Amino acid sequence: MAENTEPRIGVFVCHCGTNIAGSMSIDAVVEYAKTLPYVAVADQYQYMCSTPGQKKIDDAIKDYNLTGVVVAACSPRLHEPTFRTATKEGGLNPFRFEMANIREQNSWVHMHGMYDESTEKAEDQIRMAVAKAAKLEDLIPKSVPVEHTALVVGAGVGGMQAALDLASAGIKTYLVEASPTIGGRMSQLDKTFPTLDCSQCILTPKMVDVGRHPNIEMMTYTEVENVEGYIGNFDITLRKKARGVLTPKEATAKGIVGGGCNGCGDCTSVCPVVKPNPFEMGMAPRKAIYIYHAQVMPLIYTVDFDSCVKCGLCQDACGEKKAIDLEMQDEFIKIKVGTAVIATGFDLIPIEEKREWGYKRYDNVISSLEFERLICASGPTGGHLIRPSDGKTPMAVGYVLCAGSRDNTGGVAKAYCSRFCCMYSLKHAHQMYEKIPGCKVYLFYMDIRSFGKAYEEFYYRIQNEGAKFIRGRVANVLEDPATKNLHVFAEDTLLGRPVDIEVELLVLAAAIQPKDGANVLRKKFGVSASADGWMLEAHPKLNPCGTTTAGVFLAGVCQGPKDIPDTVAQAEGAASAASIPIHMGQVELEPYFAMCIEDLCAGCGMCVNLCPYSALALVEKDGRSVMEVTEAKCKGCGTCGGFCPGGAIKMQHFTTPQIAAQIDAFFARGDA
Amino acid sequence: MSDEYNPKVLAIICNWCSYAGADLAGGARIQYPPNIRAIRVMCTGRIDMLFILKAFAEGADGVLVSGCHFGDCHYLEGNYKAAKRMFMIKALLRNIGLDDKRFRMTFVSASEGAKWATVMTDVTNKIKELGPSPIKEFKN
């Protein structure tokens with residue numbers, strides 16, 4: 001509608017309660033808007049996003065026969081979709097809407113003694129928005145079909161939950177895990193707080209569910225190599241790392257009937273190479289052909305080609321099953337998925353770099369994950385807690401909480417709270433009393449953050465069990481060379497005096513950081529990071545599972561520290577969000593595609609090389625060469641349009657005349 | 001309004017990083033001077049050099065382009081391509097006798113609200129120091 005007629009723009013200024021109205025004169029802004037070219041009506045309302053506010057837009061479009069709508073309110077990143085819908089309901093094309101951000105980029109950042117400046121800035125912002133609105137054009141979003149498949153990266157408890165939910169919702173799900181087994185960090189834990197459930201007992205059934213779910217294709221020892229495409233149609237290249245061992249399915253495919261790895265372990269017993277097992281935090285050996293632990297899923301051995309000497313003993317032991325292929329190479333697998341969930345989890349910080357606590361310098365200073373393995377019945381000591389220096393059962397144990405968390409000293413230290421260390425340290429204290437009657441437990445803490453359901457009650461329980469809580473950061477740890485005991489020096493800030501406590505074992509509740517490689521992975525998906533390195537959600541309150549890449553979602557600790565219940569909850573949220581486009585069957589892409597104005601195109605081809613998505617190509621038309629856009633590949637960045645020397649590329653919704661009008665409008669008023 | 005010189009500065013910023021960073025500064029109520037008006041584009045790669053020259057021709061005292069950090073571009077590499085063009089802008093400005101400090105490219109991510117406020121303050125102070133753009137004399 002409204003082609004070839006003079007633009008008629010409606011301007012609506014939002015008070016946002018006092019968020020905007022408290023910092024500027026709304027009346028002055030509205031009166032000013034009325035004087036602008038093309039403005040047919042200017043109005044104001046307390047909350048434009050409310051139903052009555054949106055109705056004002058709807059009514060005004062009809063009453064004033066508007067061709068464009070400007071709302072001056074919050075950020076378009078928050079409410080552009082809302083007002084586009086209102087514009088559409090009024091009978092206009094939704095892309096006839098433009099927003100002036102007078103809250104996040106005005107009233108909230110010019111709050112004190114800036115009333116006149118704020119008002120003037122809002123007037124400028126509206127003038128620029130009106131100028132653009134007058135040149136907006138009808139656009140039709142492009143609908144694309146969505147692949148009925150999903151990808152989950154990382155198979156810890158979060159990734160497994162997301163995969164199970166997606167798969168149970170009828171979606172074929174690829175669950176990709178870099179290590180040889182699914183299970184993640186949770187499978188390394190002994191008990192879970194505050195219920196003291198056995199971690200393996202509640203996790204293993206889930207691992208089995210994942211393994212046998214008909215809709216889950218579990219791909220262990222596999223990493224994401226490359227990501228192309230967009231929501232609904234991601235083309236993912238996976239690197240299936242050479243495992244050196246064939247599954248029964250792979251063996252059958254190769255014509256080895258009845259062959260393939262059955263997990264018997266004959267190979268590992270003959271392997272002559274011994275290496276530390278990373279699953280046991282290096283405290284137990286593994287061979288060059290190995291499984292991490294008895295409950296691995298899938299139960300398929302893996303050859304560590306970095307340490308394998310290719311002696312062939314394992315192949316002899318394997319015999320007729322012919323499962324071992326020492327010449328295996330990495331394989332690249334291409335899959336197509338509609339949406340993706342990232343659930344890559346965390347690592348502990350290299351706590352040895354906080355030299356004052358003596359980790360890796362003193363035998364009896366260990367990390368919390370090492371403690372988990374030492375006290376776990378399936379761990380290297382069968383659950384008998386011993387200290388590394390002499391194998392004795394420690395009768396006095398210290399725990400350093402916030403070891404590297406809430407620490408602004410730089411280096412490996414993190415300013416954030418790692419969130420679950422308080423609670424697992426309380427759990428560790430409880431386990432000490434349970435397993436070693438008569439032992440002494442000291443917890444050095446800053447604050448105990450027992451925020452979850454039944455967490456505070458657990459804290460009281462540990463206090464009543466006799467644990468000594470010393471409020472103060474540990475300044476230094478020294479080892480007694482004779483006994484290998486440790487002297488822990490701290491200030492007890494409640495008593496206001498320094499303490500020196502001798503313990504036989506010291507456990508560092510180390511801070512956590514994003515999983516090694518997560519930073520590379522997130523860039524492949526175009527996901528941003530927060531200042532602290534965790535992956536950035538689309539909105540901290542309203543879209544905590546989404547990312548700025550449509551169709552890519554976050555689950556668990558990769559987005560920020562969280563405990564198991566929160567991880568599982570977010571995983572279910574991410575799975576739900578990831579299933580929506582798949583069940584809708586198609587998604588609308590914002591129609592910001594590049595278009596070639598063929599009359600102006602000289603066919604130089606500069607744009608073809610600039611396009612990061614290979615969306616542009618030169619084609620022959622009417623005997624000359626012109627550029628052509630493949631809309632499905634174009635993401636609308638405008639890199640081609642910003643460069644085209646002939647001005648032959650039209651970037652829809654960000655056209656050169658629209659941006660030029662905004663620039664003109666800014667300077668239209670002259671100097672204040 | 002005070003008689004103090006209030007420069008007019010145009011910012012052209014990308015949707016995914018710097019615009020989001022500016023929104024974050026707002027959410028956190030980090031205060032900065034009110035001299036800058038922003039135009040949102042999807043990517044700094046969209047920014048035609050003519051936009052910047054046009055802004056100066058129309059009377060801008062300063063122009064700022066702000067995008068994602070290198071390696072963080074939502075469109076993979078738009079910011080690299082923008083940065084290359086921005087070097088040319090600097091050279092062009094020097095050649096026509098305009099102080100190239102009137103033009104600046106910065107990199108502010110979606111999580112750097114405080115940095116956005118710092119950039120706003122720095123740019124405003126720098127332009128105040130340089131005074132009104134000499135191009136304005138030709139306009140009147």
Side-chain angles (χ1 to χ4, degrees), chain A residues 74-78 99 101 103-112 114 116-118 120-121 124-125 128 132 523 526 528-532 536 540 548-549 590 592 610 612-613 635-644 647 651 653-654 656 659-660 662-664 666-672, chain B residues 1 5-6 8 10 12 14-17 19-20 22-51 54-55 58-60 68 71-78 81-82 85 109-112 114-115 117 120 132 136 139:
Chain A
C74 51
S75 171
R77 292 173 56 86
L78 185 64
M99 202 149 181
N101 184 344
R103 192 180 76 172
E104 279 86 344
Q105 297 187 19
N106 187 341
S107 69
W108 277 353
V109 290
H110 314 307
M111 290 173 80
H112 310 296
M114 287 275 170
D116 292 341
E117 287 86 344
S118 237
E120 190 200 330
K121 181 169 176 179
D124 287 356
Q125 288 176 303
M128 292 164 75
K132 179 164 181 186
K523 287 182 182 178
S528 306
S530 315
D532 52 18
L536 187 66
T548 48
T549 304
E590 282 187 322
Y592 301 160
L610 282 171
Y613 303 107
K635 296 199 183 186
C637 64
T639 304
C640 55
F643 189 81
C644 179
M651 286 313 305
H653 211 63
F654 294 91
T656 300
I659 294 172
Q662 284 175 289
I663 298 171
D664 279 333
F666 177 17
F667 301 103
R669 181 141 84 172
D671 280 312
Chain B
M1 227 164 276
Y5 161 58
N6 270 313
K8 284 171 96 77
L10 179 74
I12 310 181
C14 85
N15 179 64
W16 302 102
C17 291
Y19 199 91
D23 280 354
L24 191 69
R29 315 295 198 277
I30 306 171
Q31 306 292 298
Y32 56 80
N35 298 73
I36 294 171
R37 311 285 181 264
I39 290 177
R40 179 172 69 121
V41 289
M42 295 313 276
C43 178
T44 47
R46 169 68 188 102
I47 301 170
D48 196 317
M49 293 200 287
L50 290 175
F51 297 162
K54 179 177 172 61
E58 298 293 340
C68 307
D72 263 358
C73 177
H74 191 72
Y75 304 102
L76 309 177
E77 48 197 32
K81 285 158 186 165
R85 287 173 210 160
S109 80
S111 60
E112 293 178 327
K115 184 178 175 189
M120 292 295 95
K136 283 180 181 169
K139 282 198 74 188

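Source: prediction; values computed, not measured. Per chain, numbering begins at 1; letters A, B, ... match sequence-line order.
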Checking [X] against chain A: side chain, backbone, both or neither under 4.5 Å from a heavy atom?
X	value
B:Arg85	side chain
B:Ala117	neither
B:Pro33	backbone
B:Glu58	both
B:Ile36	backbone
B:Ile30	backbone
B:Leu76	both
B:Ala20	both

If I measure from the heavy atoms of chain B, does [X] come under 4.5 Å with its side chain, its backbone, both, or neither?
X	result
A:Thr549	both
A:Leu536	side chain
A:His112	both
A:Leu78	neither
A:Ser118	neither
A:Met111	both

To the nearest 0.5 Å, what is the distance between [atom1] on [X] and [atom2] on [Y]?
X	Y	atom1	atom2	result
B:Leu50	A:Ile659	CG	CD1	11.5 Å
B:Arg29	A:His110	CZ	NE2	13.0 Å
B:Arg40	A:Arg77	CZ	CZ	8.0 Å
B:His74	A:Lys635	NE2	NZ	7.0 Å
B:Tyr32	A:Gln105	OH	CD	5.5 Å

With chain B, which of [options] has the greatest number of heavy-atom pairs at distances under 4.5 Å?
options	answer
A:Pro540, A:Ser530, A:Cys74, A:Pro76	A:Pro76
A:Pro612, A:Ser107, A:Ser528, A:Gly647	A:Pro612
A:Met651, A:Lys121, A:Gln662, A:Gln125	A:Lys121

Flag the one option from [options] with the top tally of heavy-atom pairs under 4.5 Å to chain A.
options	result
B:Gly78, B:Gly71, B:Ala82, B:Ala25	B:Gly71
B:Ile12, B:Leu24, B:Asn15	B:Asn15
B:Glu112, B:Met49, B:Lys54, B:Met120	B:Lys54
B:Ser109, B:Ala55, B:Cys73	B:Ala55
B:Ala38, B:Ala60, B:Cys17	B:Ala60

| said: Between B:Arg46 and A:Thr656, do the side chains contain a donor N or O and an acceptor N or O under 3.5 Å apart? | reply: yes
| message | A:Glu120 vs B:Asn6, test: side-chain contact (heavy atoms from CB on, under 4.5 Å). Steps then yes/no. | response | CA-CA 12 Å; A:Glu120 190 200 330; B:Asn6 270 313; over 6 Å; no
| query | Within a strict 4.5 Å, meaning less than it, do heavy atoms of the A:Phe654 and B:Met42 side chains meet? | reply |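 Side-chain contact under 4.5 Å: yes.
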| Any side-chain heavy atom of B:Asp23 sitting closer than 4.5 Å to one from A:Asn101? | yes
| message | Test your reading of the model: is there a side-chain donor-acceptor pair from B:Lys81 to the backbone of A:Leu610, 3.5 Å cut-off? | response | yes
| Could you walk me through whether A:Phe666 and B:Ile39 pass the side-chain contact (heavy atoms from CB on, under 4.5 Å) check? | CA-CA 10 Å; A:Phe666 177 17; B:Ile39 290 177; over 6 Å; no
Taking all non-hydrogen atoms of both residues, which atom of [X] and which atom of [Y] are closest, and how far apart?
X	Y	answer
A:Thr548	B:Trp16	O-CZ3, 3.3 Å
A:Ala531	B:Ser111	N-OG, 3.1 Å
A:Tyr613	B:Tyr75	OH-CA, 3.0 Å
A:Thr639	B:Cys43	OG1-SG, 4.5 Å

| task | Decide side-chain contact (heavy atoms from CB on, under 4.5 Å) for A:Glu117 and B:Asn35; before the verdict, give the C-alpha distance in whole Å, the side-chain angles of both, and the deciding distance to 0.1 Å. | result | CA-CA 9 Å; A:Glu117 287 86 344; B:Asn35 298 73; over 6 Å; no
| task | Please step through side-chain contact (heavy atoms from CB on, under 4.5 Å) for the pair A:Trp108 and B:Gln31, ending with a clear verdict. | result | CA-CA 8 Å; A:Trp108 277 353; B:Gln31 306 292 298; 5.9 Å; no
